[in-house]
Amino acid sequence: MTIHNAEIAGLFGRYATLLEIKGANPFRIRAYRNAARTIESLPRDVSVMLQEGYDLAELPGIGDDLADKISNIIEREKFFELEKIEKQMPAGLVDLTAIPGLGPKRVKTLFDKLKVRSSEDLAKAVRAGRLKGVRGFGPKFEQSILKALGHPAAEKRVSLAAAEHIAEPLIQYLKAIPGIESVAAAGSYRRRRETVGDLDILVTCQHPEPVVEHFAAYEEVSKTLARGTTKASVRLKSGLQVDLRVVPRRSAGAALVYFTGSKAHNIALRAIGRKRGLKFNEYGVFRGKRWLAGRTEAEVYAQVGLPYIPPELREAQGEFEAARAGHLPRLVAATDIKGDLHVHTEASDGDATIREMADAARALGYAYIAISDHVSRIGIVHGLDAKRLVRQMTEIDRLNAKLQGFRILKSAEVDIAPNGSLALDGGILAELDVVTASVHAKFDLDAAAQTERLIRAMDHTCVNIIGHPTGRLIGEREAYPLDMKRLLAAAKERGCFVELNAQPTRLDLCDVHVRLAKDMGVRVGIATDAHSPATLAYMRYGIDQARRGWLEPDDVINTRPLSALLKLLER
DNA sequence: GCCGTTTTCGGCCCGACTGTTTTCAGTCG
């Protein structure tokens, strides 16, 4: 039983909250939170890194002390300091801080004065009217606490695609308000994270009050959470929270940096500024009281001698070092993509014909599309057998003969059996232009076996790409256990590639694994796995994720023209 | 508890909003 990064991050998070309630040094608390964030966003388990002799103190925000504590947690499978503090303060206090409006200070007051140690205790105390004599807890607070206890905030992050469906109409609505100069979505939405917890909308205009008023009157608003003169927060009927912020025009760039985040990026940016005697806030860059810049984001970064850093990179994961050295990646963009490497037709579980998919791809300006219907042993989504695959290849030849300047690639998404063998053996797969091999069943192997399974699949020299390598479905199904580093090393040895599946529910590989692939020199194929012509448009979600993984056009195989792609696919 | 191209000590982001108070602490992002 190994401890995974998320659990270690969780332990540090709980510990930080309890320290906060206890009233410990705020910077020590922040150190634990920073460390938790670092650990959570690592591509590999720290337990594995430790085994390989990696010095955890080299990780950002982790020093000798925390490195020791992490090793101890991994060794003993418990966090001694957390258990110690939980003897002084009930663990339930951590959950109380999840109630909106209840932070560490108030939770401590409730514990000290009323012996409240859990949400049940709190509910009883409120109903018994015991909150009344406690300083700082008025009638409104009682109301909101009761309400929160009745409806536990089942806040869930939504997929980026779902967030788009909510954000875009709202942005259009705001743009139509008279006097509006600009409207932009910031936050994790702008950084193109695969899921979004809330929306941050930034508006510039001369007179903020009417804008805030219009915003609160948006028909999708179910509740106004807070509303001032330049700022408001609402919850929409969809459940998503939206924060609006209005700033003057000369602050547009500064505010965009500020509200795009990430938090870690902003903290690092401010630290750099501070060394130069500069102060950064949402209104601009200041020296003392003097405003220096803030109209555009580039202007803000230029104040500390840095080039513009694309939002997708703003995660404090090396972008400042790269920017300083002039090595920021030229991120792959939609216009770089020359074709789609993974689509289905009605021959398996798709909706359209080969011709329809090809026409749709051409309309997108592509030079090629790979028809990769399922090839599987019995049972899975009408997989093709050898006979039907041969027939499909003949049809593709016939269609290609009529096409000019466009090529339909013969392909297949071949199922990988638990032992790593392919659903279809023999020479026929070798006749395809590109073969993607994927796992569709038996997700519960342990990491070693699952990794071995995928590596065995790549031993077949016909295989080019591992499809949706981790099998995760965002918010529905966890990735199967897998040693990604080993898989990537094996792919590199064999001249194989990994897919970045652009389905918004998959986005598999995730951003950190994409970055790992890049660092290890394994090229990536961005593919939509489209089952209809319309969903070829999912490509842009794949590109978003690729950019978050620092991919440049050369790192992506389907940025190449047909001839170069085919050459790359020879093994 | 972390960190260092001003520092191995002395810093560590900061402004808006709410509720409760009567000038501000706490929370949030």
How many whole angstroms separate atom [atom1] of [X] from atom [atom2] of [N]?
X       : N       : atom1 : atom2 : value
K289(A) : dG15(B) : NZ    : C1'   : 14 Å
N266(A) : dC13(B) : CG    : C1'   : 9 Å
L110(A) : dT27(B) : CG    : C1'   : 14 Å
K231(A) : dC14(B) : NZ    : C1'   : 11 Å
K105(A) : dC24(B) : NZ    : P     : 16 Å
I272(A) : dC12(B) : CD1   : P     : 16 Å
I29(A)  : dC2(B)  : CD1   : C1'   : 14 Å
D64(A)  : dT8(B)  : CG    : P     : 17 Å

Quick check for you: among [options], whose closest atom lies nearest to any side-chain atom of [X]?
X       : options                   : result
Q241(A) : dG1(B), dG29(B), dC17(B)  : dG29(B)
N25(A)  : dG15(B), dT27(B), dC12(B) : dC12(B)
K140(A) : dA16(B), dG26(B), dG19(B) : dG19(B)
D243(A) : dG29(B), dT20(B), dC13(B) : dG29(B)
R270(A) : dC17(B), dA16(B), dC13(B) : dC13(B)
K279(A) : dG1(B), dT6(B), dG15(B)   : dG15(B)
E282(A) : dG1(B), dC17(B), dA16(B)  : dA16(B)
F141(A) : dG19(B), dT18(B), dC2(B)  : dG19(B)
L66(A)  : dG29(B), dC2(B), dG19(B)  : dC2(B)
R135(A) : dC13(B), dC2(B), dT21(B)  : dT21(B)

Passing candidate, salt bridge (Lys or Arg N to Asp or Glu O under 4.0 Å) with E20(A), options R106(A), R33(A), R14(A)
R33(A)
Is any side-chain N or O of [X] closer than 4.0 Å to OP1 or OP2 of [N]?
X       : N       : value
N281(A) : dC14(B) : no
K108(A) : dG26(B) : no
T38(A)  : dC2(B)  : no
Y283(A) : dC13(B) : no

[atom1] atoms of [N] and [M], separation to the nearest Å:
N       : M       : atom1 : value
dC2(B)  : dC13(B) : C1'   : 16 Å
dT20(B) : dT27(B) : P     : 13 Å
dC12(B) : dC24(B) : P     : 22 Å
dC17(B) : dT23(B) : C1'   : 16 Å
dT21(B) : dC14(B) : C1'   : 23 Å
dG19(B) : dT5(B)  : P     : 45 Å
dG15(B) : dT22(B) : C1'   : 22 Å
dT6(B)  : dG11(B) : C1'   : 12 Å

Where each residue is assigned the nucleotide of DNA chain B containing its nearest heavy atom, which of A31(A) and F259(A) is assigned the position nearer the 5′ end?
A31(A)
Comparing I267(A) and G103(A) on DNA chain B - which has the more 5′ nearest nucleotide:
I267(A)
Quick one: sort the Y308(A) and Y301(A) rings into parallel, tilted or perpendicular, breaks at 30° and 60°.
perpendicular
Relative to the ring of F137(A), is the ring of F141(A) parallel (under 30°), tilted (30 to 60°) or perpendicular (over 60°)?
perpendicular
How is [X] classified with respect to the nucleic acid when contacts are heavy atoms under 4.0 Å: base, sugar-phosphate, or nothing?
X       : value
P104(A) : sugar-phosphate
T229(A) : sugar-phosphate
T230(A) : sugar-phosphate

In terms of base orientation, is dT7(B) syn or anti, with the syn window spanning 90° either side of 0?
syn
Regarding dG29(B), can its base be found pairing with the side chain of Y258(A) as donor and acceptor, where the two atoms are less than 3.5 Å apart?
yes
Within the structure provided, determine whether V221(A) and L236(A) are in side-chain contact (heavy-atom separation under 4.5 Å).
yes
Quick one, Y189(A) and D200(A) - any side-chain contact, counting heavy atoms below 4.5 Å?
no
Give the intermediate values and the outcome of salt bridge (Lys or Arg N to Asp or Glu O under 4.0 Å) for residues R157(A) and E194(A).
CA-CA 9 Å; R157(A) 297 183 71 87; E194(A) 62 193 31; over 6 Å; no
Pairwise salt bridge (Lys or Arg N to Asp or Glu O under 4.0 Å) hits with a residue in residues 307-329 of chain A, at least two apart
R191(A)-E315(A), E297(A)-R314(A), E312(A)-R547(A), E315(A)-R548(A)
Could you please name the partner base of dT18(B), counting Watson-Crick and G-U wobble pairs only when both distances are under 3.5 Å?
dA25(B)
Does NZ or CZ of R30(A) come closer than 6.0 Å to the centre of the six-membered ring of Y32(A), within 45° of the ring's axis?
no
